[in-house]
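Worksheet: the structure to be examined is printed underneath.
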Amino acid sequence: MKITKANGKIEYELIKNLKKRSGETDSKILDIVTAIINGVKDGGDEAVREYTVRFDGALPKKFVIEKEELNEYLEFIDDDFKNALTEAKNNIYDFHKRQAQQSWLTTKENGIIMGQRVRGLGRVGIYVPGGTAAYPSSVLMNAVPAKIAGVKEIIMVTPPAAGGNPNPNIMAAAAVAGVDKVFLCGGAQAVAALAYGTEKIPKVDKIVGPGNIFVATAKKLLYGVVDIDIVAGPSEILIVADGTARPSFIAADLMSQAEHDKMASAILLTTSEAVARAAAKEIERQIKFLERQEIIESSLENYGEIIICEDLKQAINFANELAPEHLELCVENPLKYIGMIDNAGSVFLGNWSPEPLGDYFAGPNHVLPTSGTARFFSPLSVDSFIKKSSFIYYTEEELKKAKDKIINLAETEGLTAHANSIKVRF
């Protein structure tokens with residue numbers, strides 16, 4: 001990895017370079033996805049089948065897996081994996097249940113009643129990638145908050161594995177998380193089917209979950225027809241470290257994100273030149289033992305950097321500007337700095353809180369804003385699966401007291417029918 005010294009300019013050039021990764025979607029992909037969406041909208045299940053054969057090579061042996069059948073897949077996985085899934089699910093549940101909101105009502109002495117009703121969405125669709133990117137952890141992270149929110153039905157779509165059968169690890173995770181039904185289809189056609197509904201696949205209110213560029217583009221184009229979580233960009237990690245940090249830990253954590261994708265970014269900001277150089281050497285040593293060496297090398301070469309900062313304040317200011325998906329504070333007394341972090345998807349405090357802890361097990365959600373959107377977006381949560389309605393009750397006497405002010409506001413805006421709605425009552 002390239003090592004440079006912060007000078008107030010070079011580090012911000014890095015941000016510009018990273019932003020180039022999330023430019024406009026290729027027009028050819030837009031055309032392909034638009035055609036698929038329109039095909040599914042008009043052709044329903046038959047179109048889904050045609051696209052499945054075209055893109056996946058064959059139809060799955062079974063298209064629908066009911067909830068009762070999902071539990072059978074728990075017998076196909078080893079006990080260690082089953083126990084890990086269960087404990088991770090419990091941790092995710094424990095964290096997210098604290099986010100649950102309650103409906104509320106307030107009454108005043110004059111008889112006015114106002115309040116807010118909070119309830120879960122009716123039906124949610126979860127997209128889960130197949131093939132080499134099959135991540136059971138994503139099933140838990142998306143389904144558990146939805147269950148806590150009170151979503152009535154959770155539908156999952158996922159491409160079949162080789163041979164037309166579902167991935168047993170994905171199915172087991174769906175059973176543990178409480179998914180209601182699984183359809184074996186993927187790609188933009190599965191997203192379109194969830195958005196519009198087909199003869200067999202029910203229409204959903206929201207679609208969540210990661211996918212390739214075709215899936216992400218479909219979600220983006222269908223936003224408004226259906227709600228979505230986020231349009232995720234390449235994964236990213238930023239580590240802020242002082243002289244107490246362990247270079248071997250830093251190197252491992254940088255590469256844990258670089259292995260996701262050649263477009264992933266892994267950046268180290270440190271106040272110690274010795275830590276910077278030792279971390280770079282550790283990357284050279286550790287990378288030889290990793291399976292995705294080519295992907296990691298490409299990621300680090302194009303979107304990775306080690307920057308030596310004058311002090312932690314300079315490093316944290318840069319972190320807030322970058323607004324990373326994952327931020328590790330590998331510093332002495334990391335709790336001292338948590339209040340200074342304004343823009344980050346998830347923050348990992350200290351040498352013993354590596355990013356994969358959050359990806360899999362600790363409890364906070366791993367569906368996080370990327371590409372600097374942590375400035376205004378939040379992680380997936382129970383809030384992502386609820387809707388709110390307000391309600392108002394006024395007595396005749398209280399409306400009479402307020403009528404002249406309401407009429408004044410309405411007439412000032414030129415909305416005389418609004419004003420008349422009040423006048424006619426008196």
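Computed from a predicted structure; not experimentally measured. Only this structure's heavy atoms are used, side chains among them; waters, hydrogens and symmetry mates stay out.
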Inset, instruction - Look at the rings of His326 and Phe348 and say which category their plane angle falls in: under 30° parallel, 30 to 60° tilted, over 60° perpendicular. - result: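 Tilted, since the angle between the ring planes falls between 30° and 60°.
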
Inset, instruction - On the 0 to 90° scale, with breaks at 30° and 60°, tag the Tyr73-Phe76 ring pair as parallel, tilted or perpendicular. - result: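 Geometry flag for Phe76 against Tyr73: perpendicular rings.
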
Heavy-atom pair with the smallest gap, counting every atom of [X] and [Y]:
X      : Y      : answer
Gly363 : His96  : O-CE1, 3.1 Å
Ile213 : Thr217 : O-OG1, 2.6 Å
Leu59  : Arg49  : CD2-O, 3.7 Å
Ala175 : Asn71  : CB-OD1, 3.6 Å
Asn142 : Gly209 : OD1-N, 3.7 Å
Ser299 : Ser265 : OG-N, 4.3 Å

Please round to the nearest 0.5 Å and tell me the distance separating atom [atom1] of [X] and atom [atom2] of [Y].
X      : Y      : atom1 : atom2 : result
Thr416 : Lys423 : OG1   : NZ    : 8.0 Å
Met156 : Ile65  : CE    : CD1   : 8.0 Å
Ile283 : Gln286 : CD1   : CD    : 8.0 Å
Leu269 : Glu11  : CG    : CD    : 8.5 Å
Lys388 : Arg119 : NZ    : CZ    : 12.0 Å
Lys152 : Lys147 : NZ    : NZ    : 12.5 Å

Legend entry - Tyr12-Phe318 aromatic ring centre distance below 6.0 Å: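 For Tyr12 and Phe318, the ring centres are under 6.0 Å apart.
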
Inset, instruction - State, yes or no, whether a side-chain contact exists between Val226 and Ile207 at a heavy-atom distance under 4.5 Å. - result: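 Sidechains of Ile207 and Val226: in contact.
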
Legend entry - Any donor-acceptor N/O pair, Tyr303 side chain to Lys262 backbone, under 3.5 Å: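 Not a single qualifying donor-acceptor pair exists.
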
